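One structure is given here, and the rest of the page talks about it.
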Number of protein chains: 2
Amino acid sequence: MAHSDQYIDKLRKSGLRPTKQRIKICEVLFDADKTFHFTIKELVKIIENQANIKVSLATVYNTVHAFMRKGYLKEIPLNASQSYYDTNVTHHHHFFDEEENKLIDIHQDDVDEVNIKRTIPGKKIRSVEVIAKIVSDNQSQK
Amino acid sequence: MAHSDQYIDKLRKSGLRPTKQRIKICEVLFDADKTFHFTIKELVKIIENQANIKVSLATVYNTVHAFMRKGYLKEIPLNASQSYYDTNVTHHHHFFDEEENKLIDIHQDDVDEVNIKRTIPGKKIRSVEVIAKIVSDNQSQK
DNA sequence: TCAACAGTTTAGAATAAATATAATGTATTA
DNA sequence: TAATACATTATATTTATTCTAAACTGTTGA
């Protein structure tokens with residue numbers, strides 16, 4: 001299978017052994033047509049629904065973190081009770097709908113590049129994230 | 001005392017009764033010359049060190065949340081294991097030093113206004129936050 | 001091919017932040 | 001000042017995440 005091989009490759013490049021569980025996680029995360037946002041709990045649920053492989057929470061945490069270290073996933077900076085991850089690791093930003101607890105991508109082209117004029121000696125910027133919190137616009141309903 | 005009155009006023013405006021504990025929390029949060037960042041645990045520790053008033057965790061949580069609802073404090077959007085709050089509620093952004101776990105303010109003037117061209121029907125933007133993660137710049141040491 | 005090793009998975013325990021509870025205490029009001 | 005409504009507190013609970021140690025599996029090399 002071409003896909004499976006791809007995942008095995010990806011895992012090897014990450015220094016991870018390609019196990020049943022990890023390949024399944026890859027399938028869920030990287031096989032979709034579209035990128036998506038997820039929490040660990042959601043990911044476990046998706047795997048449960050799609051496969052007859054049992055994957056423990058610990059394995060999912062470990063693998064997601066390994067993929068993050070390798071840059072295959074990124075965490076979305078949100079003050080939520082649980083962490084949200086993103087399979088879209090290209091440079092982009094997010095709306096967070098506080099009422100529906102939903103994340104919406106903002107394409108890089110839709111935000112002027114954030115230009116920070118200040119620097120910190122000895123430090124470099126690793127990433128810049130914009131989170132725009134949105135709520136219902138009741139103005140228009142009055 | 002003028003300050004105390006100020007706090008009582010602030011509390012009343014928030015719909016909160018001015019109790020010993022809450023006034024103490026106000027003193028710590030709003031009496032400083034400078035604004036600052038804190039976690040709940042840090043706030044409790046500061047109060048313990050400064051006063052001979054005992055304040056329970058629950059009260060601190062409740063009061064901080066009440067102040068947040070009123071806009072006297074804001075939460076900094078960070079994926080940390082604990083929430084960081086900011087007494088500076090004016091519009092500004094943050095560096096987050098991932099190695100030292102430290103937040104640094106970026107003044108509004110140091111960032112061009114973030115202009116998001118995309119809108120979501122029926123929603124309005126409530127806040128826009130920029131988090132720039134910084135790490136040691138080893139380039140310059142080579 | 002297979003033994004041995006190193007890395008992996010897992011259930012369950014541990015940790016820690018945040019929230020809920022319910023009894024006791026305090027500010028407010030009339 | 002008494003009655004009431006709101007606050008505080010210690011403690012228990014909840015929940016996400018991390019840790020642990022035993023059982024298991026992929027890999028390597030003979």
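Everything quoted here is computed from the prediction, not taken from an experiment.
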Requested in this report: Starting at atom NZ of B:Lys54, determine the distance to atom P of C:dG25, rounded to an integer number of angstrom.
Outcome: 15 Å
Query raised in the report: C:dT19 phosphate, OP1 or OP2: any side-chain N/O from B:His65 under 4.0 angstrom?
Result: yes
Query raised in the report: Should the pair B:Asp112-A:Lys117 be classified as a salt bridge under the 4.0 Å nitrogen-to-oxygen rule?
Result: yes
Query raised in the report: Any side-chain N or O of A:Arg22 less than 4.0 Å from the OP1 or OP2 oxygen of D:dG26?
Result: no
Query raised in the report: Taking for each residue the nucleotide of DNA chain D with the nearest heavy atom, is it A:Lys41 or A:Ala58 whose nucleotide lies nearer the 5' end?
Result: A:Lys41
Report summary line: Rounded to whole Å, CD of A:Glu42 lies from P of D:dT15 at a distance of 16 Å
Query raised in the report: Going through the checks in order, is the side-chain hydrogen bond (donor to acceptor under 3.5 Å, both in side chains) test met by B:Gln21 and B:Thr63?
Result: CA-CA 9 Å; B:Gln21 290 85 348; B:Thr63 307; over 6 Å; no
Query - Residue pair A:Asp105 / A:His37, side-chain donor-acceptor N/O under 3.5 Å - result: yes
Query - Short side-chain N/O contact to D:dA16 OP1/OP2 from A:Thr39, under 4.0 Å - result: no
**Report entry** Residues A:Glu27, A:Lys24: salt bridge by 4.0 Å N-O rule
**Finding:** yes
Query raised in the report: If you pin B:Thr19 and B:Glu75 to their nearest nucleotides in DNA chain C, which one's is more 5'?
Result: B:Glu75
Report summary line: note: B:Leu16, atom CG; D:dT8, atom P; distance rounded to Å ~ 8 Å
Query - Below 4.0 Å: OP1/OP2 of D:dT17 and any side-chain N or O of A:Tyr61 - result: yes
Requested in this report: Figure out the CG/C1' separation between A:Asn62 and D:dA21, and round it to whole Å.
Outcome: 14 Å
Query raised in the report: Reckon A:Ser81 has a side-chain N or O less than 4.0 Å from the OP1 or OP2 of C:dA17?
Result: no
Query raised in the report: Between atom CG in B:Asn79 and atom P in D:dA16, what is the gap in whole Å?
Result: 15 Å
Report task. Please check the phosphate of C:dT26 (OP1 and OP2 only) for any side-chain N or O of B:Gln21 closer than 4.0 Å. Result -> no
Query raised in the report: For the side chain of B:Ile40, counting heavy atoms from C-beta on, which of C:dA27, D:dT17, C:dA18 is nearest?
Result: C:dA18
Query raised in the report: Between A:Arg17 and D:dT25, is there a side-chain N or O to OP1/OP2 distance below 4.0 Å?
Result: no
Report task. Could you state the atom-to-atom distance from NZ of B:Lys24 to P of D:dT9 in whole Å? Result -> 14 Å
**Report entry** Distance test, side-chain N/O of A:Thr59 to OP1/OP2 of C:dT8, below 4.0 Å
**Finding:** no
Query raised in the report: Given atom CD of B:Glu48 and atom C1' of D:dT9, what is their separation to the nearest angstrom?
Result: 14 Å
Query raised in the report: So, does A:Asn79 use its side chain to make a donor-acceptor pair with the main chain of B:Ile76 at under 3.5 Å?
Result: yes
Query raised in the report: What's the closest nucleotide to the B:Gln82 side chain, out of D:dA10, C:dT10, C:dA17?
Result: C:dA17
Report task. Send over the distance from A:Lys20 NZ to D:dA23 P, rounded to a whole Å. Result -> 18 Å
